[in-house]
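Beneath this line is the structure, given in C-alpha coordinates, with notes to follow.
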Number of protein chains: 2
Amino acid sequence: MDEDTAADGTIQLLWGLREGPTRGPKPVLSLERIAQAAVDLADAEGLGAVSMQRVAADLDFTKMSLYRYVTGKDELVAAMIDLAVGTPPTLADLPGPSWRPRIEAWVRLLAQTWEAHPWLPWVTMGDRVMGPHETGWTELSAAALAETGLTVPERMSLARMLGGHVRTTMSVLTAGTQPWVNRRQAALLREHADRYPTLCAMLDSEGAPPDNGRDFGLRLILDGVERLVADRAG
Amino acid sequence: MDEDTAADGTIQLLWGLREGPTRGPKPVLSLERIAQAAVDLADAEGLGAVSMQRVAADLDFTKMSLYRYVTGKDELVAAMIDLAVGTPPTLADLPGPSWRPRIEAWVRLLAQTWEAHPWLPWVTMGDRVMGPHETGWTELSAAALAETGLTVPERMSLARMLGGHVRTTMSVLTAGTQPWVNRRQAALLREHADRYPTLCAMLDSEGAPPDNGRDFGLRLILDGVERLVADRAG
DNA sequence: GGACAACAGTGTCCTACCGATACTGTTTCC
DNA sequence: GGAAACAGTATCGGTAGGACACTGTTGTCC
(Lines give C-alpha, C1' and ligand atoms only; values in the text may rest on other atoms or scores of the structure.)
Protein backbone atom coordinates (compact mmCIF):
# COMPACT_ATOMS: atom_id res chain seq x y z
CA MET A 1 0.00 0.00 0.00
CA ASP A 2 2.81 2.35 0.79
CA GLU A 3 4.66 1.67 -2.42
CA ASP A 4 1.44 1.79 -4.32
CA THR A 5 0.55 5.30 -3.27
CA ALA A 6 4.10 6.44 -3.90
CA ALA A 7 3.98 4.98 -7.39
CA ASP A 8 0.64 6.63 -7.96
CA GLY A 9 2.20 9.95 -7.08
CA THR A 10 5.00 9.42 -9.52
CA ILE A 11 2.57 8.49 -12.23
CA GLN A 12 0.56 11.61 -11.65
CA LEU A 13 3.70 13.67 -11.79
CA LEU A 14 5.15 12.19 -14.95
CA TRP A 15 1.94 11.93 -16.89
CA GLY A 16 0.68 15.41 -16.05
CA LEU A 17 -2.14 14.32 -13.83
CA ARG A 18 -1.32 16.61 -10.94
CA GLU A 19 -4.27 18.91 -10.26
CA GLY A 20 -3.13 22.48 -10.70
CA PRO A 21 -4.63 24.80 -8.07
CA THR A 22 -6.14 28.12 -8.94
CA ARG A 23 -5.95 30.15 -5.77
CA GLY A 24 -2.89 31.19 -3.89
CA PRO A 25 0.39 32.78 -4.97
CA LYS A 26 1.80 31.96 -8.35
CA PRO A 27 4.50 29.33 -8.29
CA VAL A 28 7.92 30.72 -9.02
CA LEU A 29 9.56 27.37 -9.51
CA SER A 30 8.40 24.63 -11.80
CA LEU A 31 8.93 20.91 -12.10
CA GLU A 32 10.83 21.45 -15.33
CA ARG A 33 13.27 23.89 -13.79
CA ILE A 34 13.88 21.61 -10.84
CA ALA A 35 14.37 18.52 -12.95
CA GLN A 36 16.62 20.41 -15.33
CA ALA A 37 18.80 21.65 -12.51
CA ALA A 38 19.05 18.14 -11.14
CA VAL A 39 19.95 16.75 -14.55
CA ASP A 40 22.60 19.39 -15.06
CA LEU A 41 24.03 18.61 -11.66
CA ALA A 42 24.08 14.87 -12.28
CA ASP A 43 25.72 15.38 -15.65
CA ALA A 44 28.40 17.61 -14.20
CA GLU A 45 29.18 15.98 -10.87
CA GLY A 46 27.52 12.62 -10.95
CA LEU A 47 24.40 11.20 -9.45
CA GLY A 48 25.90 11.22 -5.98
CA ALA A 49 26.01 15.00 -6.01
CA VAL A 50 22.26 15.21 -6.49
CA SER A 51 20.62 15.99 -3.18
CA MET A 52 17.57 18.02 -2.41
CA GLN A 53 19.77 20.55 -0.71
CA ARG A 54 22.15 20.91 -3.60
CA VAL A 55 19.49 21.10 -6.30
CA ALA A 56 17.63 23.73 -4.32
CA ALA A 57 20.84 25.69 -3.74
CA ASP A 58 21.59 25.67 -7.46
CA LEU A 59 18.18 27.23 -7.99
CA ASP A 60 18.64 29.70 -5.12
CA PHE A 61 15.76 28.25 -3.18
CA THR A 62 15.26 26.41 0.04
CA LYS A 63 15.41 22.67 0.09
CA MET A 64 11.86 22.33 1.32
CA SER A 65 10.45 24.39 -1.50
CA LEU A 66 11.13 21.51 -3.86
CA TYR A 67 8.66 19.38 -1.96
CA ARG A 68 5.86 21.55 -3.34
CA TYR A 69 6.58 20.05 -6.75
CA VAL A 70 7.87 16.62 -5.85
CA THR A 71 6.83 14.35 -3.02
CA GLY A 72 10.33 13.03 -2.49
CA LYS A 73 13.63 12.21 -4.07
CA ASP A 74 12.24 9.21 -5.92
CA GLU A 75 9.88 11.43 -7.82
CA LEU A 76 12.67 13.85 -8.58
CA VAL A 77 14.74 11.05 -10.05
CA ALA A 78 11.79 9.87 -12.09
CA ALA A 79 11.35 13.36 -13.46
CA MET A 80 15.07 13.53 -14.17
CA ILE A 81 14.91 10.33 -16.18
CA ASP A 82 12.08 11.42 -18.40
CA LEU A 83 13.66 14.80 -18.94
CA ALA A 84 17.12 13.44 -19.70
CA VAL A 85 15.87 10.74 -22.01
CA GLY A 86 14.23 13.47 -24.02
CA THR A 87 11.73 13.46 -26.82
CA PRO A 88 12.03 10.09 -28.53
CA PRO A 89 12.85 9.84 -32.21
CA THR A 90 10.25 8.72 -34.69
CA LEU A 91 10.27 6.02 -37.32
CA ALA A 92 11.42 8.65 -39.80
CA ASP A 93 14.65 8.94 -37.82
CA LEU A 94 15.36 5.24 -38.31
CA PRO A 95 16.45 4.87 -41.94
CA GLY A 96 16.86 1.69 -43.83
CA PRO A 97 14.99 -0.67 -46.02
CA SER A 98 14.47 -3.30 -43.36
CA TRP A 99 14.09 -3.79 -39.64
CA ARG A 100 17.77 -4.43 -39.07
CA PRO A 101 19.23 -1.03 -39.96
CA ARG A 102 16.27 0.54 -38.25
CA ILE A 103 16.83 -1.16 -34.93
CA GLU A 104 20.55 -0.54 -35.28
CA ALA A 105 19.82 3.14 -35.59
CA TRP A 106 17.55 2.94 -32.56
CA VAL A 107 20.35 1.41 -30.51
CA ARG A 108 22.75 4.05 -31.72
CA LEU A 109 20.42 6.89 -30.79
CA LEU A 110 19.67 5.39 -27.40
CA ALA A 111 23.36 4.97 -26.72
CA GLN A 112 24.00 8.60 -27.66
CA THR A 113 21.33 9.75 -25.26
CA TRP A 114 22.64 7.61 -22.44
CA GLU A 115 26.22 8.63 -23.00
CA ALA A 116 25.14 12.23 -22.60
CA HIS A 117 23.78 11.32 -19.15
CA PRO A 118 26.02 8.56 -17.82
CA TRP A 119 23.96 8.21 -14.67
CA LEU A 120 20.94 6.94 -16.59
CA PRO A 121 22.01 3.29 -16.65
CA TRP A 122 22.00 3.17 -12.89
CA VAL A 123 18.63 4.77 -12.44
CA THR A 124 16.73 2.93 -15.13
CA MET A 125 17.14 -0.47 -13.53
CA GLY A 126 14.48 -2.42 -11.72
CA ASP A 127 10.74 -2.26 -11.78
CA ARG A 128 9.57 1.27 -12.45
CA VAL A 129 6.86 3.22 -14.13
CA MET A 130 8.23 4.82 -17.27
CA GLY A 131 7.38 8.36 -18.20
CA PRO A 132 5.94 9.48 -21.53
CA HIS A 133 9.32 10.01 -23.19
CA GLU A 134 10.74 6.71 -22.08
CA THR A 135 7.58 4.97 -23.17
CA GLY A 136 7.98 6.66 -26.53
CA TRP A 137 11.41 5.11 -26.95
CA THR A 138 9.94 1.71 -26.16
CA GLU A 139 7.09 2.29 -28.57
CA LEU A 140 9.59 3.11 -31.28
CA SER A 141 11.59 -0.03 -30.71
CA ALA A 142 8.41 -2.09 -30.81
CA ALA A 143 7.46 -0.46 -34.07
CA ALA A 144 10.91 -1.02 -35.54
CA LEU A 145 10.73 -4.70 -34.71
CA ALA A 146 7.18 -5.22 -35.88
CA GLU A 147 8.16 -6.53 -39.29
CA THR A 148 10.54 -9.14 -37.95
CA GLY A 149 7.74 -11.63 -37.56
CA LEU A 150 8.75 -12.43 -34.02
CA THR A 151 6.02 -12.95 -31.48
CA VAL A 152 5.10 -10.08 -29.24
CA PRO A 153 6.92 -11.37 -26.15
CA GLU A 154 9.94 -12.11 -28.29
CA ARG A 155 9.94 -8.61 -29.69
CA MET A 156 9.71 -7.03 -26.28
CA SER A 157 12.35 -9.33 -24.85
CA LEU A 158 14.58 -8.31 -27.70
CA ALA A 159 13.94 -4.62 -27.17
CA ARG A 160 14.66 -4.92 -23.47
CA MET A 161 17.73 -6.93 -24.25
CA LEU A 162 19.06 -4.28 -26.57
CA GLY A 163 18.60 -1.62 -23.95
CA GLY A 164 20.43 -3.83 -21.51
CA HIS A 165 23.21 -4.28 -24.01
CA VAL A 166 23.67 -0.55 -24.26
CA ARG A 167 23.85 -0.43 -20.48
CA THR A 168 26.40 -3.22 -20.32
CA THR A 169 28.63 -1.68 -22.93
CA MET A 170 28.52 1.71 -21.32
CA SER A 171 29.01 1.06 -17.66
CA VAL A 172 32.69 0.33 -18.05
CA LEU A 173 34.63 3.29 -19.29
CA THR A 174 38.01 2.13 -18.14
CA ALA A 175 41.08 3.86 -19.39
CA GLY A 176 43.16 0.70 -19.10
CA THR A 177 44.90 -1.15 -21.86
CA GLN A 178 42.20 -3.77 -22.25
CA PRO A 179 38.58 -2.71 -22.09
CA TRP A 180 37.55 -5.78 -20.12
CA VAL A 181 40.00 -5.29 -17.30
CA ASN A 182 41.34 -2.22 -15.61
CA ARG A 183 44.88 -1.48 -14.62
CA ARG A 184 44.64 -2.78 -11.07
CA GLN A 185 42.83 -5.91 -12.12
CA ALA A 186 45.51 -6.65 -14.68
CA ALA A 187 48.20 -6.33 -12.06
CA LEU A 188 46.34 -8.75 -9.80
CA LEU A 189 45.93 -11.22 -12.62
CA ARG A 190 49.65 -11.22 -13.30
CA GLU A 191 50.32 -11.80 -9.62
CA HIS A 192 47.98 -14.78 -9.59
CA ALA A 193 48.76 -16.18 -12.99
CA ASP A 194 48.49 -19.70 -11.64
CA ARG A 195 44.88 -19.27 -10.60
CA TYR A 196 43.78 -17.40 -13.71
CA PRO A 197 45.88 -18.75 -16.57
CA THR A 198 43.34 -18.09 -19.30
CA LEU A 199 42.73 -14.48 -18.37
CA CYS A 200 46.41 -13.88 -17.79
CA ALA A 201 47.32 -15.18 -21.21
CA MET A 202 44.83 -12.76 -22.71
CA LEU A 203 46.29 -9.67 -21.14
CA ASP A 204 48.74 -8.87 -23.89
CA SER A 205 46.49 -9.41 -26.86
CA GLU A 206 45.64 -6.76 -29.40
CA GLY A 207 42.61 -5.49 -31.23
CA ALA A 208 40.43 -4.16 -28.48
CA PRO A 209 37.36 -2.39 -29.85
CA PRO A 210 36.91 1.24 -28.86
CA ASP A 211 33.23 0.83 -28.08
CA ASN A 212 33.36 -1.78 -25.32
CA GLY A 213 32.14 -4.36 -27.80
CA ARG A 214 28.82 -2.65 -28.43
CA ASP A 215 28.78 -3.08 -32.18
CA PHE A 216 30.16 -6.58 -31.87
CA GLY A 217 27.45 -7.65 -29.45
CA LEU A 218 24.74 -5.96 -31.46
CA ARG A 219 25.87 -7.84 -34.52
CA LEU A 220 25.69 -11.14 -32.66
CA ILE A 221 22.18 -10.48 -31.40
CA LEU A 222 20.80 -9.35 -34.72
CA ASP A 223 22.49 -12.20 -36.56
CA GLY A 224 20.70 -14.48 -34.15
CA VAL A 225 17.42 -12.76 -34.93
CA GLU A 226 18.00 -13.15 -38.65
CA ARG A 227 18.66 -16.82 -38.24
CA LEU A 228 15.52 -17.27 -36.19
CA VAL A 229 13.45 -15.41 -38.75
CA ALA A 230 14.96 -17.43 -41.59
CA ASP A 231 14.40 -20.72 -39.79
CA ARG A 232 10.75 -19.95 -39.32
CA ALA A 233 10.28 -18.76 -42.86
CA GLY A 234 11.89 -21.79 -44.39
CA MET B 1 44.59 9.97 -5.58
CA ASP B 2 41.79 9.61 -3.11
CA GLU B 3 40.05 6.96 -5.15
CA ASP B 4 43.35 5.26 -5.78
CA THR B 5 44.14 4.73 -2.15
CA ALA B 6 40.59 3.61 -1.48
CA ALA B 7 40.82 1.08 -4.28
CA ASP B 8 44.16 -0.09 -2.94
CA GLY B 9 42.54 -0.74 0.40
CA THR B 10 39.79 -2.77 -1.19
CA ILE B 11 42.32 -4.78 -3.14
CA GLN B 12 44.28 -5.55 0.00
CA LEU B 13 41.09 -6.61 1.72
CA LEU B 14 39.75 -8.86 -1.01
CA TRP B 15 43.02 -10.44 -1.98
CA GLY B 16 44.22 -11.13 1.53
CA LEU B 17 46.99 -8.60 1.53
CA ARG B 18 46.08 -6.98 4.83
CA GLU B 19 48.97 -7.28 7.28
CA GLY B 20 47.85 -9.28 10.27
CA PRO B 21 49.20 -7.85 13.52
CA THR B 22 50.75 -10.01 16.18
CA ARG B 23 50.41 -8.04 19.36
CA GLY B 24 47.27 -6.84 21.06
CA PRO B 25 44.00 -8.53 21.96
CA LYS B 26 42.71 -11.27 19.78
CA PRO B 27 40.03 -10.14 17.36
CA VAL B 28 36.62 -11.47 18.23
CA LEU B 29 35.03 -10.49 14.96
CA SER B 30 36.28 -11.36 11.51
CA LEU B 31 35.79 -10.06 8.00
CA GLU B 32 33.98 -13.25 7.08
CA ARG B 33 31.47 -12.95 9.90
CA ILE B 34 30.82 -9.32 9.08
CA ALA B 35 30.42 -9.93 5.37
CA GLN B 36 28.19 -12.93 6.02
CA ALA B 37 25.94 -10.92 8.32
CA ALA B 38 25.70 -8.20 5.71
CA VAL B 39 24.89 -10.71 2.97
CA ASP B 40 22.21 -12.35 5.10
CA LEU B 41 20.73 -8.97 5.82
CA ALA B 42 20.73 -7.95 2.17
CA ASP B 43 19.17 -11.25 1.15
CA ALA B 44 16.43 -10.92 3.74
CA GLU B 45 15.59 -7.23 3.67
CA GLY B 46 17.27 -5.83 0.62
CA LEU B 47 20.38 -3.82 0.04
CA GLY B 48 18.80 -0.72 1.50
CA ALA B 49 18.66 -2.35 4.91
CA VAL B 50 22.42 -2.80 4.98
CA SER B 51 23.95 -0.12 7.12
CA MET B 52 26.96 -0.23 9.37
CA GLN B 53 24.69 0.19 12.34
CA ARG B 54 22.38 -2.61 11.36
CA VAL B 55 25.10 -5.08 10.44
CA ALA B 56 26.87 -4.39 13.71
CA ALA B 57 23.63 -4.75 15.64
CA ASP B 58 22.96 -8.11 14.01
CA LEU B 59 26.36 -9.20 15.27
CA ASP B 60 25.81 -7.66 18.72
CA PHE B 61 28.68 -5.26 18.31
CA THR B 62 29.13 -1.55 18.01
CA LYS B 63 29.02 0.11 14.65
CA MET B 64 32.54 1.39 14.96
CA SER B 65 33.98 -2.02 15.65
CA LEU B 66 33.39 -2.93 12.02
CA TYR B 67 35.85 -0.28 10.96
CA ARG B 68 38.65 -2.40 12.38
CA TYR B 69 38.03 -4.85 9.55
CA VAL B 70 36.75 -2.61 6.80
CA THR B 71 37.74 0.94 5.98
CA GLY B 72 34.23 1.92 4.97
CA LYS B 73 31.00 0.78 3.48
CA ASP B 74 32.46 0.43 0.01
CA GLU B 75 34.84 -2.20 1.25
CA LEU B 76 32.05 -3.97 3.05
CA VAL B 77 30.04 -4.13 -0.15
CA ALA B 78 33.07 -5.42 -2.03
CA ALA B 79 33.49 -8.15 0.56
CA MET B 80 29.79 -8.93 0.33
CA ILE B 81 30.04 -9.37 -3.41
CA ASP B 82 32.91 -11.78 -3.34
CA LEU B 83 31.31 -13.75 -0.53
CA ALA B 84 27.89 -13.92 -2.17
CA VAL B 85 29.23 -14.85 -5.56
CA GLY B 86 30.90 -17.79 -3.91
CA THR B 87 33.48 -20.25 -5.07
CA PRO B 88 33.24 -20.36 -8.86
CA PRO B 89 32.53 -23.59 -10.70
CA THR B 90 35.22 -25.30 -12.70
CA LEU B 91 35.30 -26.52 -16.27
CA ALA B 92 34.18 -29.91 -14.97
CA ASP B 93 30.89 -28.31 -13.94
CA LEU B 94 30.24 -27.19 -17.51
CA PRO B 95 29.25 -30.32 -19.42
CA GLY B 96 28.96 -30.67 -23.11
CA PRO B 97 30.90 -31.62 -26.16
CA SER B 98 31.38 -28.07 -27.38
CA TRP B 99 31.66 -24.49 -26.22
CA ARG B 100 27.97 -23.79 -26.64
CA PRO B 101 26.49 -26.06 -23.99
CA ARG B 102 29.39 -25.13 -21.76
CA ILE B 103 28.76 -21.42 -21.88
CA GLU B 104 25.05 -22.05 -21.56
CA ALA B 105 25.74 -23.92 -18.35
CA TRP B 106 27.93 -21.05 -17.19
CA VAL B 107 25.11 -18.59 -17.76
CA ARG B 108 22.69 -20.85 -15.94
CA LEU B 109 24.96 -21.19 -12.92
CA LEU B 110 25.63 -17.47 -12.82
CA ALA B 111 21.93 -16.75 -12.98
CA GLN B 112 21.27 -19.16 -10.12
CA THR B 113 23.86 -17.42 -7.98
CA TRP B 114 22.51 -13.99 -8.74
CA GLU B 115 18.93 -15.00 -8.14
CA ALA B 116 19.95 -16.16 -4.69
CA HIS B 117 21.23 -12.64 -4.01
CA PRO B 118 19.00 -10.30 -5.97
CA TRP B 119 20.98 -7.25 -4.89
CA LEU B 120 24.07 -8.41 -6.79
CA PRO B 121 23.05 -6.91 -10.15
CA TRP B 122 23.01 -3.48 -8.62
CA VAL B 123 26.40 -3.57 -6.96
CA THR B 124 28.30 -5.30 -9.72
CA MET B 125 27.91 -2.40 -12.14
CA GLY B 126 30.54 0.08 -13.07
CA ASP B 127 34.28 0.06 -12.85
CA ARG B 128 35.41 -2.01 -9.90
CA VAL B 129 38.14 -4.33 -8.79
CA MET B 130 36.83 -7.88 -8.72
CA GLY B 131 37.67 -10.22 -5.88
CA PRO B 132 39.16 -13.68 -6.28
CA HIS B 133 35.82 -15.44 -6.58
CA GLU B 134 34.41 -13.08 -9.12
CA THR B 135 37.62 -13.27 -11.09
CA GLY B 136 37.28 -17.02 -11.02
CA TRP B 137 33.89 -16.78 -12.68
CA THR B 138 35.38 -14.60 -15.37
CA GLU B 139 38.29 -16.98 -15.80
CA LEU B 140 35.87 -19.82 -16.29
CA SER B 141 33.88 -17.99 -18.93
CA ALA B 142 37.08 -17.16 -20.76
CA ALA B 143 38.10 -20.80 -20.67
CA ALA B 144 34.70 -21.93 -21.87
CA LEU B 145 34.90 -19.60 -24.85
CA ALA B 146 38.49 -20.39 -25.73
CA GLU B 147 37.63 -22.92 -28.41
CA THR B 148 35.26 -20.62 -30.26
CA GLY B 149 38.09 -19.19 -32.26
CA LEU B 150 37.00 -15.66 -31.49
CA THR B 151 39.67 -13.09 -30.81
CA VAL B 152 40.47 -12.27 -27.22
CA PRO B 153 38.59 -8.96 -27.12
CA GLU B 154 35.64 -10.63 -28.78
CA ARG B 155 35.62 -13.39 -26.21
CA MET B 156 35.74 -10.99 -23.32
CA SER B 157 33.12 -8.75 -24.86
CA LEU B 158 30.93 -11.80 -25.20
CA ALA B 159 31.50 -12.88 -21.62
CA ARG B 160 30.68 -9.42 -20.33
CA MET B 161 27.66 -9.32 -22.57
CA LEU B 162 26.35 -12.59 -21.18
CA GLY B 163 26.72 -11.34 -17.63
CA GLY B 164 24.85 -8.22 -18.63
CA HIS B 165 22.14 -10.33 -20.20
CA VAL B 166 21.63 -12.16 -16.93
CA ARG B 167 21.36 -8.80 -15.21
CA THR B 168 18.85 -7.51 -17.73
CA THR B 169 16.65 -10.57 -17.51
CA MET B 170 16.69 -10.58 -13.74
CA SER B 171 16.10 -6.99 -12.77
CA VAL B 172 12.46 -7.08 -13.75
CA LEU B 173 10.47 -9.47 -11.64
CA THR B 174 7.11 -7.97 -12.31
CA ALA B 175 4.00 -9.87 -11.37
CA GLY B 176 1.97 -8.32 -14.14
CA THR B 177 0.31 -10.03 -17.02
CA GLN B 178 3.10 -9.23 -19.47
CA PRO B 179 6.69 -9.48 -18.34
CA TRP B 180 7.73 -6.39 -20.25
CA VAL B 181 5.23 -4.08 -18.67
CA ASN B 182 3.79 -3.89 -15.19
CA ARG B 183 0.21 -3.34 -14.21
CA ARG B 184 0.38 0.42 -13.87
CA GLN B 185 2.28 0.85 -17.08
CA ALA B 186 -0.33 -1.19 -18.92
CA ALA B 187 -3.09 1.00 -17.59
CA LEU B 188 -1.24 4.10 -18.74
CA LEU B 189 -0.71 2.61 -22.18
CA ARG B 190 -4.41 1.95 -22.56
CA GLU B 191 -5.17 5.51 -21.54
CA HIS B 192 -2.79 6.86 -24.16
CA ALA B 193 -3.47 4.36 -26.90
CA ASP B 194 -3.16 7.11 -29.50
CA ARG B 195 0.43 7.91 -28.56
CA TYR B 196 1.55 4.31 -28.20
CA PRO B 197 -0.45 2.27 -30.67
CA THR B 198 2.14 -0.44 -31.18
CA LEU B 199 2.65 -1.15 -27.52
CA CYS B 200 -1.05 -0.94 -26.81
CA ALA B 201 -1.83 -3.48 -29.47
CA MET B 202 0.64 -5.83 -27.86
CA LEU B 203 -0.92 -5.76 -24.44
CA ASP B 204 -3.31 -8.62 -24.97
CA SER B 205 -0.98 -11.04 -26.67
CA GLU B 206 -0.10 -14.44 -25.32
CA GLY B 207 2.94 -16.61 -24.89
CA ALA B 208 5.06 -14.69 -22.43
CA PRO B 209 8.14 -16.63 -21.36
CA PRO B 210 8.48 -17.29 -17.64
CA ASP B 211 12.17 -16.35 -17.56
CA ASN B 212 11.99 -12.75 -18.76
CA GLY B 213 13.34 -13.86 -22.09
CA ARG B 214 16.62 -15.10 -20.73
CA ASP B 215 16.77 -18.31 -22.74
CA PHE B 216 15.44 -16.56 -25.80
CA GLY B 217 18.11 -13.89 -25.67
CA LEU B 218 20.83 -16.37 -24.92
CA ARG B 219 19.81 -18.35 -27.97
CA LEU B 220 19.99 -15.25 -30.14
CA ILE B 221 23.45 -14.34 -28.93
CA LEU B 222 24.91 -17.81 -29.29
CA ASP B 223 23.31 -18.28 -32.69
CA GLY B 224 25.09 -15.10 -33.67
CA VAL B 225 28.35 -16.49 -32.38
CA GLU B 226 27.87 -19.69 -34.33
CA ARG B 227 27.26 -17.77 -37.49
CA LEU B 228 30.36 -15.67 -36.96
CA VAL B 229 32.46 -18.75 -36.31
CA ALA B 230 31.04 -20.47 -39.37
CA ASP B 231 31.62 -17.43 -41.57
CA ARG B 232 35.25 -17.28 -40.59
CA ALA B 233 35.79 -20.98 -41.01
CA GLY B 234 34.27 -21.03 -44.46
C1' DG C 1 58.24 -11.03 35.52
C1' DG C 2 57.04 -6.34 34.89
C1' DA C 3 56.68 -2.27 31.79
C1' DC C 4 55.46 -0.74 27.46
C1' DA C 5 53.74 -0.75 22.87
C1' DA C 6 50.17 -2.45 19.93
C1' DC C 7 45.83 -3.49 19.23
C1' DA C 8 40.18 -4.64 19.69
C1' DG C 9 36.13 -2.78 20.76
C1' DT C 10 33.42 1.35 22.89
C1' DG C 11 31.46 6.03 23.42
C1' DT C 12 31.01 10.45 21.74
C1' DC C 13 30.86 13.80 18.26
C1' DC C 14 30.30 15.87 13.58
C1' DT C 15 28.40 16.38 9.01
C1' DA C 16 25.15 15.30 5.32
C1' DC C 17 20.99 13.49 4.01
C1' DC C 18 15.64 12.99 3.62
C1' DG C 19 11.57 14.45 5.26
C1' DA C 20 7.63 16.39 8.71
C1' DT C 21 5.60 20.36 10.59
C1' DA C 22 4.56 24.96 11.86
C1' DC C 23 4.97 29.36 10.10
C1' DT C 24 4.85 33.91 6.93
C1' DG C 25 3.29 36.20 3.23
C1' DT C 26 0.72 36.35 -1.21
C1' DT C 27 -3.09 35.46 -4.41
C1' DT C 28 -7.86 34.67 -5.70
C1' DC C 29 -12.59 33.72 -5.06
C1' DC C 30 -17.02 34.67 -2.64
C1' DG D 1 -12.75 43.18 1.81
C1' DG D 2 -12.27 39.07 4.28
C1' DA D 3 -11.22 34.31 4.39
C1' DA D 4 -9.49 30.24 2.35
C1' DA D 5 -5.83 28.33 -0.42
C1' DC D 6 -1.44 28.16 -1.59
C1' DA D 7 4.17 29.18 -2.31
C1' DG D 8 8.18 29.37 -0.08
C1' DT D 9 10.75 29.49 4.62
C1' DA D 10 12.60 28.13 9.15
C1' DT D 11 13.20 24.77 12.35
C1' DC D 12 13.32 20.16 13.99
C1' DG D 13 13.96 15.01 14.15
C1' DG D 14 15.75 10.66 12.58
C1' DT D 15 19.24 8.04 10.27
C1' DA D 16 23.25 7.64 7.56
C1' DG D 17 28.71 7.32 7.35
C1' DG D 18 32.70 8.16 9.53
C1' DA D 19 36.62 10.72 12.67
C1' DC D 20 38.60 10.55 17.11
C1' DA D 21 39.74 9.81 21.88
C1' DC D 22 39.31 6.34 25.22
C1' DT D 23 39.37 1.65 27.97
C1' DG D 24 40.98 -2.61 28.52
C1' DT D 25 43.64 -6.60 26.80
C1' DT D 26 47.57 -8.98 24.79
C1' DG D 27 52.06 -9.96 23.31
C1' DT D 28 57.08 -8.56 23.31
C1' DC D 29 61.35 -6.99 25.15
C1' DC D 30 64.42 -5.86 28.88
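All chains are named by letter (A, B, ...) in the order of the sequence lines, taking the proteins before the strands, and each is independently numbered beginning at 1.
B:P121 places a side-chain heavy atom less than 4.5 Å from the side chain of A:M125.
Taking the nucleotide of DNA chain C with the nearest heavy atom to each of A:P25 and B:V28, the more 5' of the two is matched to B:V28. Residue-to-nucleotide proximity on DNA chain D shows that, of A:R68 and B:R68, the 5′-proximal contact is made by A:R68.
Listed here is the closest heavy atom pair of A:G213 and A:P209: N-CG, 3.8 Å.
Look at CG on A:L31: it is 13 Å from P on D:dA7, rounded to the nearest Å. Between the NZ atom of A:K73 and the C1' atom of C:dA16 there is a distance of 11 Å, given to the nearest Å. Atom pair B:L29:CG and C:dT10:C1' shows a separation of 13 Å (rounding to whole Å applied). One atom, CZ of A:R54, and another, P of C:dT15, lie 19 Å apart when rounded to the nearest Å. Distance, B:M52 CE to C:dC17 C1': 16 Å, rounded to whole Å. Remark: P of D:dA7 and CD1 of A:I34 are 11 Å apart, rounded to the nearest angstrom. One interatomic measurement links the two molecules: CZ of A:R23 to C1' of C:dT28, which rounds to 7 Å at whole-angstrom precision. Atom-to-atom, CG of A:L66 to P of C:dC18 comes out at 10 Å; the value is rounded to the nearest Å.
Side-chain atoms of A:P21 lie closest to D:dC6 of the nucleotides D:dC6, C:dT10, C:dG19. If you check C:dA20, C:dT28, D:dG17 against the side chain of B:S51, the one that comes closest is D:dG17. Taking the side chain of B:M64 as heavy atoms from C-beta on, and the options D:dT11, C:dG9, C:dG11, the nearest nucleotide is C:dG11. When distances run from any side-chain atom of A:T62 to the nucleotides C:dC17, D:dT9, C:dG9, the shortest one goes to D:dT9. Side-chain proximity of B:K63 to the nucleotides D:dT11, D:dG8, D:dG18 is greatest for D:dG18. Side-chain proximity of B:Y67 to the nucleotides D:dG17, C:dG11, C:dG19 is greatest for D:dG17. For B:Q53, the listed nucleotide lying nearest its side chain is D:dA16; candidates were D:dA16, C:dG11, C:dC17.
Side-chain N/O atoms of A:T22 include none lying less than 4.0 angstrom from OP1 or OP2 on C:dT28. Proximity of A:S65 to the phosphate of D:dA7: no side-chain N or O atom is located under 4.0 Å from OP1 or OP2. At the phosphate of D:dG27, OP1 or OP2 sits under 4.0 Å from a side-chain N or O atom of B:K26.
A salt bridge links B:E115 with B:R214; the closest basic N to acidic carboxylate O contact falls under 4.0 Å. Contact check on A:R190 versus A:D204 returns a salt bridge, with a Lys/Arg side-chain nitrogen under 4.0 Å from an Asp/Glu carboxylate oxygen.
When atom types are taken as modelled, the side chain of A:W106 and the backbone of A:W137 share a donor-acceptor pair closer than 3.5 angstrom.
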